[in-house]
Structure formats: C-alpha cells, structure tokens
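Everything on this sheet refers to the single structure shown next.
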Amino acid sequence: MAQLAAGIAAGLAAIGGGIAVAIIVKGVLEGVSRQPELRGTLQTLMFIGIPLAEAVPIIAIAISFMLVFGIGG
C-alpha cells in the first residue's frame, strides 16, 4: 500500500510541478510581449522561480523513495 501511495504522490507532484512551470513561463511570455524592455528582469525572475517550482516534485519523489524503501521509519 505504501508503494501505491508513493507512486500517486510522486505522480501528482510531477503534474503540479509541470503546471507551475507552465504558469511561470506563460506569465513571463505575456510580460515580455507587453513590455519588451523588461525582458532581462523577467527572465531572471523566471530562472529563479522555475527551480523553486521544481523543488516540490523533487522533494515528493524523495519522500516517495523513503516510503518505498522504508527509510526513516
């Protein structure tokens, strides 16, 4: 049962991370299309935001591995 829960958690976290990255990139593209002079600033913010959004799935996968292999409990 823990393996099923780990798989579901990792899958949902991956989907959530993908959606978050898509929203960030969409916002940056809209911002650049409206104000092209802010391209550098928006790009920098995007490069900071994407890893933060990707951190959640990585943490979820790490926790899933801990559940599957019985580490930490």
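If you read the sequence from its start, that first residue is 1, and numbering goes on from there.
- Summarising the geometry of V25 relative to I50, their closest heavy-atom pair is CG2-CD1, 4.0 Å, with the distance given to 0.1 Å.
- Linking Ile, Leu, Val, Met, Phe, Trp and Tyr whenever their side-chain heavy atoms come within less than 4.5 Å leaves L38 and L45 in two separate clusters.
- The two residues G31 and L42 have their closest heavy-atom pair at C-CD1, 3.6 Å.
- To the nearest 0.5 Å, atoms CD1 (I58) and CD (E54) are separated by 6.5 Å.
- Within the model, atoms CG of L12 and OG of S64 stand 10.0 Å from one another, a figure rounded to the nearest 0.5 Å.
- Rounding to the nearest 0.5 angstrom, the gap separating the CG atom in L29 from the CZ atom in R39 is 10.5 Å.
- Nearest approach of A60 to A13, heavy atoms of both residues: CB-CB, 3.3 Å.
- The structure places CZ of F65 at 12.5 Å from CD1 of I63, a figure rounded to the nearest 0.5 Å.
- Under the side chain to side chain donor-acceptor pair (under 3.5 Å) criterion, the residue pairs touching residues 19-34 are K26-E30, with sequence neighbours excluded.
- No chain of hydrophobic side-chain contacts below 4.5 Å, direct or via other Ile, Leu, Val, Met, Phe, Trp or Tyr residues, connects V56 to I61.
- Taking CD1 of I8 as the start and CD of Q3 as the end, the distance is 12.0 Å to the nearest 0.5 Å.
- Among residues two or more places apart in sequence or in another chain, the side-chain contact (heavy atoms from CB on, under 4.5 Å) test is passed with A53 by A20, V21, I24.
- Through direct or relayed side-chain contacts under 4.5 Å between Ile, Leu, Val, Met, Phe, Trp and Tyr, I23 connects to I15, I19.
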